[in-house]
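Every value quoted in this text rests on a predicted model; they were computed, and no experiment measured them.
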Amino acid sequence: DAGITQSPRHKVTETGTPVTLRCHQTENHRYMYWYRQDPGHGLRLIHYSYGVKDTDKGEVSDGYSVSRSKTEDFLLTLESATSSQTSVYFCAAQAGTDNSPLHFGNGTRLTVT
Amino acid sequence: ILNVEQSPQSLHVQEGDSTNFTCSFPSSNFYALHWYRWETAKSPEALFVMTLNGDEKKKGRISATLNTKEGYSYLYIKGSQPEDSATYLCVIRAFQKLVFGTGTRLLVSP
């Protein structure tokens with residue numbers, strides 16, 4: 001296990017409030033990812049990082065921003081939460097070579113009311 | 001657009017049955033294929049990562065094969081057990097991206 005910890009595990013927030021989800025890894029993996037899981041869509045990539053301060057958008061990045069100031073931490077921020085962002089969010093880390101697997105955190109269930 | 005297709009979408013078998021699923025993908029610019037096991041209310045867990053045509057991997061009763069020339073991988077489960085019930089995800093690394101299939105949901109009844 002690559003020691004991926006997500007916090008918080010559950011959060012309920014109101015529409016319009018900012019929310020930050022944290023992903024912490026202990027294995028010094030280069031790549032980190034944020035996904036959201038929604039019924040009928042599987043896992044969709046929000047943003048990813050290929051190194052400290054190097055991030056890029058995924059397929060569903062609107063309304064989200066990320067930061068990676070340290071190798072071990074990848075933060076996902078919803079600047080102004082909307083009900084459509086109610087979802088389960090998964091963080092993953094990967095060593096970076098083609099044959100290295102993704103290691104997932106346990107997920108954060110976010111509800112925007 | 002890179003499309004990763006998994007079939008069947010869902011499968012219900014009896015304990016002891018052997019089963020297999022398919023992951024299909026475009027064969028161009030292929031770098032690696034991952035299989036993950038995803039139990040309900042948990043996070044996906046890596047089963048195999050395969051990169052070479054003809055690769056075969058095995059982990060207990062679960063095995064996988066890879067054909068990069070024709071663009072498919074098979075995942076086999078021998079003698080399914082109720083604890084094998086999960087969604088099995090295929091992920092392709094191509095064009096510098098990871099693309100997820102929608103998974104095959106397996107239910108094994110005792």
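- Only the side chain of B:Tyr36 comes within less than 4.5 Å of a heavy atom in chain A; its backbone stays farther off.
- Heavy-atom distances place the side chain of B:Leu89, and not its backbone, under 4.5 Å from chain A.
- Top candidate by heavy-atom pairs under 4.5 Å with chain A, chosen from B:Leu98, B:Val91, B:Val99, is B:Leu98.
- Between the side chain of A:Gln6 and the backbone N or O of A:Gly107 there is at least one donor-acceptor pair closer than 3.5 Å.
- Results of the side-chain hydrogen bond (donor to acceptor under 3.5 Å, both in side chains) test with A:Ser65 over A:His47, A:Lys57, A:Glu79 single out A:Glu79 as the only residue that passes.
- A ring pair (Phe, Tyr, Trp, His ring centres under 6.0 Å) with B:Phe21 is found for one member of B:Tyr76, B:Tyr74, B:Tyr88 and no other, namely B:Tyr88.
- Residue A:Val60 is grouped with residue A:Leu21 when hydrophobic side chains (ILVMFWY) are merged at heavy-atom distances under 4.5 angstrom, including chains of intermediate members.
- A:Thr77 and A:Thr20 share a side-chain donor-acceptor pair at under 3.5 Å.
- Contacts of A:Gln37 with chain B are made by side-chain atoms alone, with heavy-atom separations under 4.5 Å and no backbone atom involved.
- With a 4.5 Å cut-off on non-hydrogen atoms, A:Tyr48 does not touch chain B at all.
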